[in-house]
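If you're wondering where the values come from, they're calculated on a predicted model, not measured in any experiment.
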Amino acid sequence: MESTLKEMRGGESVLDLSPKATVGGGVEDVYGEDCATEEQLVTPWTYSVASGYSLLRDPHHNKGLAFTEKERDSHYLLGLLPPAVVTQQLQVYIETPFYDQILRSGFVEGHGRSDSLFGVHRESMDPSTLEELCPVCVIWFYPGFCLHTPQIHGKERLAHQRNERNERLFYKLLIDNVEELLPIVYTPTVGEACQKYGSIFRRPQGLYISLKEKGKVLDVLKNWPERNIQVIVVTDGERILGLGDLGCQGMGIPVGKLSLYTALGGVRPSACLPVTIDVGTNNEQLLKDEFYIGLRQRRATAQEYADLLHEFMSAVKQNYGEKVLIQFEDFANHNAFTLLAKYGTTHLVFNDDIQGTASVVLAGVVAALKLIGGTLADHKFLFLGAGEAGTGIAELIALEMSKQTKIPVEETRKKIWLVDSKNHFKKPWAHDHEPVKDLLGAVKAIKPTVLIGSSGVGRTFTKEIIETVTSFNEKPLIMALSNPTSQSECTAEEAYTWSQGRAIFASGSPFDPFEYNGKVFVPGQANNAYIFPGFGLGLVISGAIRVHDDMLLAASEALAKQVSDENYNKGLIYPPFSNIRKISANIAANVAAKAYELGVATRLPRPANLVKYAESCMYSPVYRSYR
């Protein structure tokens, strides 16, 4: 991957450490959020010491009914809360049924006037949760739950209102129930949220930088209340998941990603900044929508676009220093590689669609070798899809193969073929073979052992294709990576049935376990959330100032090692998400170790035990005691 980007930037490497940048920054744990600070007394600072009603409205410090009697007395909370004092665990227990209901139905059957929601009478509800007004019923109802309100309102708004009122409780609930709640705070729900973002927008959750702010981007960054930022996730909304150009409404992606940075990777929420760059949209439906919240103009391109992005990148470094991670998210293919190539030598940049996807898929392939046999170089790879994801995955596999065999990457690429959605082979992944006219012909001619889909076109791995792959492989590895579920190249049921239960299957979207001939198969999910939270944490704890391909390989190796024999027995090539914090700590340690080895780490001296150090730096949602 670095070799491709190196060509785009005229031979300059990320390890050349361009003199355009100076090391700066450094982050202080202002709120006592790391695991290592759980037992320390903290002062609830905002711009002044928060107390009274303002303390209850501050999500960083609000604990609701968990404030002790001493804290209520010393922070002027007497009378502002009912007399009961409860534990955080009891609060989690109270919250859980609401999320269970979302997962089961998405909204309440019946009218918003119902006296009972989720079996709880309105009289017994916390009044602070009755915040939304249905524009049709003109009555108060539990956030988002009404037949007149789209289903997405309940899922996305309820989750993030919890975050806006009580940050620690939100993350405690998410961390304790990550497998169940991941679909609510991120895919697939986040895609629906972005589509309806204009109608569900209530409070700002990040920074919006539009063409109107050109020349004032640094001033905009200074408007953000937090000063110690470690991770920025930024999008221009042009390619949101598989939904296309959503313009300014793509903000749901940075917000959702950073929620996972905190919950899964332990990056402190106060150190995270979601950003949307608004240069317009080419989505005609949005331009005509009266509820659209972005610029009503066609997308800026060429120099006008490049100038705004460059001003943003320069302002970020000036305001936050060189060690802040900038993650590009859901940029269109033509901009994604250009931005990585342009800023890879001067900034700490990472593209999850290219590099994160590549790393998580490589980890799955490496883990699958225990099931399908052989080394990486023994296999042939055929991709359907030659965009950001497919190109990034192919390049990283070629790099890992080169690393293992000591063969130049130009040679290892010859084990990999990329076919786009129009059945055209893409260089440098087009090699000599008999002429073919479609994917089935390519399968017959190349005889791949690994079939990977990243085309964004659903049901393209047909019965005949999977049967053909299975005919010359005892255990073919089939990875249908496109999101959402409707765009998956095949379903888990199809892969297992058409391969007669022989396929090792993983997908981008989640699929339920499937029983075939008396055996239960559990499909793996190649979810980027396995990689980017731990990867980002590794960069932060090492004080890294550049991202190198070897760090991506280190992350893949660490993830592959987390797959246990029990997982393999179920046909899984990824570990369960229930262990994600442990997984992230191990990935962070491996990435940090590689940063020190490459000489791009600035946090010295190097910790003796990087895994324990990573765990001690991870955000803990446990309530702190106040002075």
Side-chain angles (χ1 to χ4, degrees), residues 1-2 4-27 206-207 209 217-218 220-222 224 226-236 254 257-258 261 267 271-277 305-331 335-356 359 388 392 532 535-552 555 591-592 594-595 598-603:
M1 195 176 304
E2 171 63 13
T4 303
L5 298 174
K6 196 173 177 181
E7 291 174 14
M8 294 176 68
R9 60 172 81 102
E12 192 176 9
S13 167
V14 297
L15 297 182
D16 291 339
L17 300 182
S18 171
K20 302 172 192 173
T22 55
V23 177
V27 180
L207 281 179
I209 299 173
V217 173
L218 181 59
V220 173
L221 291 179
K222 289 180 178 179
W224 188 248
E226 303 295 346
R227 295 289 176 261
N228 298 309
I229 299 298
Q230 291 175 319
V231 180
I232 294 173
V233 176
V234 58
T235 186
D236 69 354
K257 286 277 185 180
L258 287 168
Y261 258 111
V267 178
C272 296
L273 174 58
V275 176
T276 291
I277 305 290
Y305 178 89
D307 287 347
L308 183 63
L309 264 294
H310 188 70
E311 184 183 351
F312 167 72
M313 296 297 289
S314 301
V316 165
K317 184 185 292 185
Q318 184 176 344
N319 203 44
Y320 300 121
E322 191 169 24
K323 290 182 282 188
V324 61
L325 171 62
I326 304 170
Q327 177 171 314
F328 298 121
E329 196 67 39
D330 286 352
F331 283 76
N335 288 323
F337 283 99
T338 300
L339 290 170
L340 263 187
K342 183 175 182 179
Y343 295 107
T345 59
T346 59
H347 292 68
L348 184 67
V349 293
F350 171 71
N351 186 306
D352 189 44
D353 303 306
I354 299 172
Q355 297 164 300
S359 187
E388 293 176 45
F532 73 82
F535 187 83
L537 179 65
L539 299 176
V540 168
I541 65 174
S542 64
I545 56 174
R546 297 291 180 271
V547 170
H548 189 270
D549 283 347
D550 285 354
M551 297 177 183
L552 300 173
V591 170
K594 185 58 67 173
L598 293 170
V600 294
T602 63
R603 197 175 300 280

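For Asp353, the side-chain hydrogen bond (donor to acceptor under 3.5 Å, both in side chains) criterion is met by Arg239, not counting sequence neighbours.
The two atoms that bring Thr602 and Gly543 nearest to each other are OG1-O, 2.6 Å, heavy atoms only. Heavy-atom minimum distance, Ala555 versus Val591: CB-CG2, 3.9 Å.
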May I have the step-by-step check of side-chain contact (heavy atoms from CB on, under 4.5 Å) for Val349 and Met313, ending in yes or no? CA-CA 10 Å; Val349 293; Met313 296 297 289; 3.7 Å; yes
Test side-chain contact (heavy atoms from CB on, under 4.5 Å) on Leu273 and Glu226 and set out the steps. CA-CA 9 Å; Leu273 174 58; Glu226 303 295 346; over 6 Å; no
Just do the side-chain contact (heavy atoms from CB on, under 4.5 Å) check on Phe350 and Ile326 with the steps written out, would you? CA-CA 6 Å; Phe350 171 71; Ile326 304 170; over 6 Å; no
Check the pair Ile545, Leu348 against side-chain contact (heavy atoms from CB on, under 4.5 Å), reporting the backbone distance first and the verdict last. CA-CA 5 Å; Ile545 56 174; Leu348 184 67; 5.6 Å; no
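Note that CG of Asp236 and CG of Asn335 are 6.0 Å apart. Values are rounded to the nearest 0.5 Å. In this structure, the separation between CG on Leu339 and NE2 on His347 is 11.0 Å, given to the nearest 0.5 Å. Rounding to the nearest 0.5 Å gives a distance of 10.5 Å between OH of Tyr343 and OG1 of Thr338. Interatomic distance, CG of Asp352 versus CZ of Phe532, reported as 5.5 Å (0.5 Å rounding).
Looking at Ser314, its side chain does come within 3.5 Å of a backbone N or O of His310 through a donor-acceptor pair. A donor-acceptor contact shorter than 3.5 Å links the side chain of Lys317 to the backbone of Thr346.
Within the 4.5 Å cutoff, the side chain of Leu309 has no heavy atoms near those of the Lys342 side chain.
Side-chain polar atoms of Tyr261 and Gln230 form no donor-acceptor pair below 3.5 angstrom.
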